[in-house]
Structures are given as C-alpha cells and as structure tokens.
Peer 1: 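First the structure, then my questions, so here it is.
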Amino acid sequence: MAKSVLLRGYRYSVYNRIARVALHEKDVAYDIEEVDPVASSIPNDFLERQPFGHVPVLSHGTFDVYETSAIIRYVDVAFDGPCLVPSAPGPLARAAQVVSILDSYGYRPMVRQVFAHRVFRPALGERVDEAEVLAGLEASGTVLAALNTIAAERLVLDGRTLTIADCHLAPMIAYFAQAPEGAEALSNQSALFEWWENVSQQPSIQMTDPGLPSS
Ligand SMILES: N[C@@H](CCC(=O)N[C@@H](CS)C(=O)NCC(=O)O)C(=O)O
C-alpha cells in the first residue's frame with residue numbers, strides 16, 4: 001500500500017540523503033520516486049512542485065515542500081519522535097548556523113568540487129578536473145575550521161543525539177571523506193573528526209548510504 005509520504009529525489013544527491021536521514025530519525029515510512037535533476041528532461045509533475053529543478057521534494061498527503069532545510073523542519077514538527085530542532089537558544093542558533101554554513105559555503109567545495117571530481121566522476125568514468133579538487137580543498141578549509149569550532153563548543157554535533165545540524169552535515173562529510181584529501185583534512189579537525197566517528201555509526205546514517213554508481 002502506498003505511504004502518505006513521498007520523497008522525490010536523486011539517490012546520489014546529498015540533499016536527498018539529508019531529507020532521508022531526518023525521515024529515518026523520526027521513523028517515518030516513506031516512498032521514494034527517483035528524479036535525476038541533471039537528466040535531459042525532468043518530469044513536468046516534478047517541475048510543478050520544484051520550479052528550480054533541484055532535488056528533493058517531499059510530499060505528505062497533498063502538501064508539497066522543497067528546500068531541504070524546510071523539509072527537515074517540516075518532518076520534525078509533523079511527525080512524532082526525537083526533536084531534531086533544539087529548543088534552547090544556544091543549540092537552536094548553532095544548529096541553524098551549521099545548516100546555513102553548509103548551504104552557503106560548504107556544499108559546493110566539499111561535494112561539487114572535491115567529492116565529485118575525486119570520487120564520483122571517476123566512478124562514472126567521467127573526466128576529472130584536478131583544479132576543481134584543489135580549489136574545493138582550499139575553500140573547504142575555512143568551512144571545516146568553522147564547523148570544528150562549533151563541534152568543540154558541544155552545544156550541537158555530539159554525533160549521538162541527532163539534530164538538523166547532524167542531518168545536514170553527515171551526508172556532506174560522508175562524501176567529502178571518501179576523497180583521500182578530504183579524509184586527511186577532516187582528520188586535522190579533532191572535534192569534527194570525533195563527531196564523524198560517532199555519527200557515522202548511527203543507523204539513520206548507515207541505512208541511507210547510497211554507495212557509488214558504477215560506470
Ligand atoms: N537549495 C536546495 C539545493 C538542492 C540541490 O542543490 N540539489 C542538487 C542535488 S544534491 C541538485 O538538484 N542539483 C541539480 C543541479 O545543480 O542542476 C535544497 O536545499 O534543497
């Protein structure tokens with residue numbers, strides 16, 4: 001029987017995985033519809049729900065929502081289970097700060113440059129641009145240091161009780177650390193590295209691992 005929650009997204013998308021981590025944390029049953037946002041044609045019924053053509057989109061009954069940070073906040077309030085948005089002011093601000101840092105400064109260098117060019121494209125047999133890896137690594141340095149400062153403060157990112165910050169960060173670090181240069185950069189940030197060692201063992205992170213495509 002169809003479930004009332006449907007996630008339209010691309011299996012290798014980090015943003016898709018962020019939404020999946022939140023759904024798993026809240027123990028929500030959901031269906032998946034695969035949509036490749038870079039395919040030559042994107043279904044009209046997807047574009048009607050996401051006019052920018054990016055994944056994912058969550059539908060709950062007749063309610064549709066896109067933008068992943070909105071999706072995970074919706075999931076948090078709409079379903080029972082552990083609260084993903086902290087209520088105390090400090091942790092609340094830090095969790096939102098982590099999400100915003102990643103969207104504004106982290107996703108492109110860590111995922112689109114380092115991971116895509118060092119790991120994903122080679123898996124597909126596609127052309128790799130070493131300059132992209134180098135530029136991504138350089139830009140990732142500031143991001144990792146900022147996240148390490150937040151992790152060391154211990155208001156969020158304990159890696160055991162997940163918040164929206166963990167949901168957003170774990171899929172990006174999971175990709176970034178698959179590049180040897182990424183793993184090394186991460187290991188130099190002790191609080192962030194310790195967070196990753198803990199969070200990567202969580203069921204919601206392990207169950208949503210998309211693996212890698214084969215060429
Ligand atoms: N602001 C969007 C970003 C989502 C996003 O960038 N998704 C990527 C996949 S990880 C995508 O759809 N990319 C398609 C493209 O760049 O054309 C959100 O938070 O959901």
Side-chain angles (χ1 to χ4, degrees), residues 5-26 28 30 32-60 63-78 84-85 95-124 126-129 132-133 135-136 139-140 143 147 162-179 182 204-205 208-213:
V5 177
L6 173 65
L7 187 70
R8 293 176 172 87
Y10 175 54
R11 93 179 38 226
Y12 298 111
S13 153
V14 277
Y15 282 101
N16 190 57
R17 189 176 180 189
I18 293 164
R20 294 190 63 209
V21 170
L23 289 163
H24 281 259
E25 280 297 313
K26 301 291 277 191
V28 177
Y30 60 99
I32 289 178
E33 190 174 301
E34 193 71 9
V35 177
D36 181 351
V38 294
S40 50
S41 86
I42 301 178
N44 275 339
D45 73 327
F46 182 81
L47 290 174
E48 281 161 13
R49 292 178 169 87
Q50 217 297 11
F52 304 100
H54 285 199
V55 294
V57 173
L58 183 90
S59 300
H60 181 204
F63 182 77
D64 301 315
V65 57
Y66 66 88
E67 286 304 298
T68 307
S69 62
I71 291 173
I72 60 180
R73 282 167 171 79
Y74 176 81
V75 167
D76 192 34
V77 176
L84 300 176
V85 177
Q97 195 178 353
V98 168
V99 170
S100 190
I101 288 169
L102 293 167
D103 286 346
S104 303
Y105 317 114
Y107 168 65
R108 184 166 188 279
M110 292 197 302
V111 177
R112 299 296 290 256
Q113 293 184 294
V114 175
F115 168 74
H117 283 270
R118 179 59 77 232
V119 181
F120 196 75
R121 284 171 177 249
L124 288 172
E126 289 180 1
R127 191 184 69 83
V128 168
D129 185 344
E132 289 286 322
V133 178
S140 299
V143 177
L147 295 168
L162 272 60
T163 70
I164 54 170
D166 304 82
C167 295
H168 233 77
L169 182 55
M172 295 202 196
I173 293 291
Y175 269 177
F176 181 71
Q178 286 181 46
S204 61
I205 305 302
T208 57
D209 182 354
L212 283 176

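Heavy-atom basis, side chains included; hydrogens, waters and symmetry copies ignored. Every number for a ligand or one of its atoms is a count from 1 in the order of the listing.
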Peer 1: Applying a heavy-atom cut-off of 4.0 Å, say which part of Y66 lies close to ligand 1: side chain, backbone, both or neither.
Peer 2: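 The answer is neither.
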
Peer 1: Would you tell me whether H168 and Y107 have side-chain atoms, one donor and one acceptor, within less than 3.5 Å of each other?
Peer 2: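 No, no side-chain donor-acceptor pair sits under 3.5 Å.
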
Peer 1: Distance to 0.1 Å, residue and atom name: give those for the protein heavy atom nearest to atom 19 (O) of ligand 1.
Peer 2: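 Going by distance alone, atom 19 (O) of ligand 1 is nearest to T68 N, 3.0 Å.
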
Peer 1: For V14, counting its heavy atoms only, list the atoms of ligand 1 lying under 4.0 Å from any of them.
Peer 2: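 Every atom of ligand 1 under 4.0 Å from some heavy atom of V14: 10 (S).
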
Peer 1: Identify the closest protein heavy atom to atom 2 (C) of ligand 1: which residue and atom is it, and at what distance?
Peer 2: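 Protein heavy atom with the smallest distance to atom 2 (C) of ligand 1: E67 OE2, 3.4 Å.
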
Peer 1: In terms of atom number and element, which parts of ligand 1 are under 4.0 angstrom from non-hydrogen atoms of S13?
Peer 2: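 Listed by number with element: 9 (C), 10 (S).
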
Peer 1: Which of these, V21, N16, I18, sits in a side-chain contact (heavy atoms from CB on, under 4.5 Å) with T208?
Peer 2: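 Output: one option passes, namely V21.
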
Peer 1: Within the structure provided, determine whether E25 and V75 are in side-chain contact (heavy-atom separation under 4.5 Å).
Peer 2: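 The answer is no; the side chains never approach within 4.5 Å.
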
Peer 1: Any sub-3.5 Å donor-acceptor pair from Q50's side-chain atoms to F52's backbone N or O?
Peer 2: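 The answer is yes, because a donor-acceptor pair under 3.5 Å joins these two groups.
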
Peer 1: If we ignore angles and hydrogens, is there a donor and acceptor under 3.5 Å between the side chains of D36 and Y12?
Peer 2: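 Note: D36 and Y12 side chains miss the donor-acceptor criterion.
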
Peer 1: If you count heavy atoms of other groups shown closer than 6.0 angstrom to OH of Y105, is the number above 12?
Peer 2: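 At most 12 heavy atoms, drawn from other residues, nucleotides or ligands, come within 6.0 Å of this atom.
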
Peer 1: In the protein, what heavy atom is nearest to atom 15 (C) of ligand 1, and what distance, to one decimal place, separates them?
Peer 2: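 Here the nearest protein heavy atom works out to H54 NE2, 3.5 Å.
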
Peer 1: Distance to 0.1 Å, residue and atom name: give those for the protein heavy atom nearest to atom 4 (C) of ligand 1.
Peer 2: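 Scanning the protein heavy atoms, the shortest distance from atom 4 (C) of ligand 1 goes to V55 O, 3.3 Å.
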
Peer 1: Where is the nearest protein heavy atom to atom 8 (C) of ligand 1: which residue, which atom, and how far?
Peer 2: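 Looking only at protein heavy atoms, the one closest to atom 8 (C) of ligand 1 is Y107 OH, 3.8 Å.
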
Peer 1: Would you say the side chains of D166 and T163 form a donor-acceptor pair under 3.5 Å?
Peer 2: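 Looking only at side-chain atoms, T163 and D166 do form a donor-acceptor pair, the distance falling under 3.5 Å.
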
Peer 1: Atoms of ligand 1 less than 4.0 Å from R112 heavy atoms?
Peer 2: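 Near R112, meaning under 4.0 Å from one of its heavy atoms, ligand 1 has 16 (O).
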
